[in-house]
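Read the structure below first, then the notes.
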Amino acid sequence: LVVINSYRYGKTIKWHKLKPLFIGSAVAIPAGVYSLNLVPDMLMKRALALFIVLVVLFERWRQGQGEIGKFAKTGPGGMILGMISGWFIGAYTTGGPPAVIYATARFPEPKNAKGAMGLYFLATDVLIVLLFAMTGLLTVDLLFQALRFTPAVLAGFLAGSYFFQNITKHTYMLGVHLLLVMAAIMLTVP
């Protein structure tokens, strides 16, 4: 599905515009993978949940959205969001929220944001599969267990594609923020 989204919307974004996000992630993904044995599980999940909620609240404030956009457009801002995303991708494969925050702030047009997310997740998914396979975290048995979730993922993909056709920018951002808050809540449940 990441490949499909990258193909459909990735044409709207040039790879080099995502360079700060990629650099930050490349540095932090390996650290996230190896931190699984060092940092308590719930502490990391709650830290990500708190980050998500604070950013969403800040973005819902009209001036905050502009400030996040300015921050994301800077090289250091993109690298910081990339590092946060990379760390959580490596540790829990839940680095999506910081990357979504970056993509929607840096590229306010929904199609461009989807293109940025498609390209980013394509690259990070390939890297994380390789790292998990090299460290023994990904096994053939685990891969087949994960395939059970394919129908739900496909249903979500199709529903999202359908609703994206007739959605306003404001409604798109509201949906993004609601999904981010739901992800934060799910991260805090043991």
Side-chain angles (χ1 to χ4, degrees), residues 1-7 9-10 13-56 68 71-107 112-143 145-147 149-150 153 156-157 176 179-180 182-184 186-188:
L1 297 177
V2 173
V3 172
I4 292 169
N5 265 345
S6 296
Y7 177 75
Y9 301 106
I13 298 296
K14 305 264 189 283
W15 280 87
H16 73 276
K17 291 187 176 191
L18 298 172
K19 188 165 64 170
L21 188 68
F22 281 124
I23 291 170
S25 294
V27 168
I29 286 175
V33 170
Y34 294 106
S35 72
L36 287 169
N37 297 321
L38 304 173
V39 181
D41 221 23
M42 211 23 99
L43 176 66
M44 285 183 63
K45 288 180 180 181
R46 288 184 177 153
L48 178 58
L50 179 62
F51 171 79
I52 293 166
V53 169
L54 290 175
V55 171
V56 167
I68 292 286
F71 177 73
K73 288 178 183 173
T74 67
M79 282 191 246
I80 289 169
L81 289 170
M83 289 179 79
I84 295 168
S85 176
W87 183 281
F88 285 102
I89 285 173
Y92 300 109
T93 64
T94 58
V100 169
I101 290 165
Y102 172 83
T104 56
R106 174 86 168 79
F107 308 103
N112 293 345
K114 280 187 78 162
M117 286 184 273
L119 293 173
Y120 176 73
F121 290 125
L122 177 61
T124 57
D125 286 356
V126 168
L127 180 60
I128 200 65
V129 166
L130 291 173
L131 282 170
F132 278 11
M134 288 173 21
T135 59
L137 292 170
L138 177 64
T139 63
V140 173
D141 185 49
L142 192 60
L143 180 63
Q145 286 180 26
L147 289 176
F149 299 103
T150 301
V153 172
F157 174 79
V176 167
L179 289 172
L180 286 171
M182 285 174 42
M186 290 171 48
L187 284 168
T188 61

Which word best sums up how the rings of Phe107 and Tyr102 line up, parallel for under 30°, tilted for 30 to 60°, or perpendicular for over 60°?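 Because their plane-to-plane angle is over 60°, the rings of Phe107 and Tyr102 count as perpendicular.
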Give the minimum heavy-atom separation between [X] and [Y], together with the two atoms involved.
X	Y	answer
Gly82	Tyr120	O-OH, 4.2 Å
Gly75	Pro20	O-CB, 3.4 Å
Val27	Met83	CG1-CE, 4.1 Å
Ile101	Thr104	O-OG1, 3.4 Å
Arg46	Thr188	NH2-O, 3.8 Å
Leu81	Ala72	CD1-CB, 4.4 Å

Under a 4.5 Å cut-off applied to non-hydrogen side-chain atoms, are Ile52 and Leu187 in contact?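 Sidechains of Leu187 and Ile52: in contact.
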Student check: side-chain heavy atoms of Val100 and Met117 closer than 4.5 Å: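 Sidechains of Met117 and Val100: in contact.
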Before giving the answer on side-chain hydrogen bond (donor to acceptor under 3.5 Å, both in side chains), spell out for Thr135 and Tyr34 the whole-Å C-alpha distance, their side-chain angles and the decisive distance to 0.1 Å. CA-CA 9 Å; Thr135 59; Tyr34 294 106; 5.9 Å; no
Is the side chain of Ser25 donor-acceptor paired with the backbone N or O of Phe22 at a distance under 3.5 Å, no angle test?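 Judged by distance alone, no pair lies under 3.5 Å.
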Any sub-3.5 Å donor-acceptor pair from Ser35's side-chain atoms to Leu38's backbone N or O?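 Side chain of Ser35 to backbone of Leu38: no pair is present.
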For the atom pair CG (Leu21) and CG (Leu119), what is the distance rounded to the nearest 0.5 Å?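 Rounded to the nearest 0.5 Å, the CG-CG separation comes out at 11.0 Å.
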Would you give the length of the straight line joining atom CG of Asp125 to atom CG of Leu130, rounded to the nearest 0.5 angstrom?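 Here the rounded value is 11.0 Å.
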Set of side chain to side chain contact (heavy atoms under 4.5 Å, CB included) partners for Leu142, sequence neighbours left out: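 Thr139, Gln145.
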Could you check Leu48 against Trp87 for side chain to side chain contact (heavy atoms under 4.5 Å, CB included), going step by step and ending with a plain yes or no? CA-CA 10 Å; Leu48 178 58; Trp87 183 281; over 6 Å; no
Atom CE of Met42 with >12 non-hydrogen neighbours under 6.0 angstrom: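 Enclosed: over 12 neighbouring heavy atoms sit under 6.0 Å from CE of Met42.
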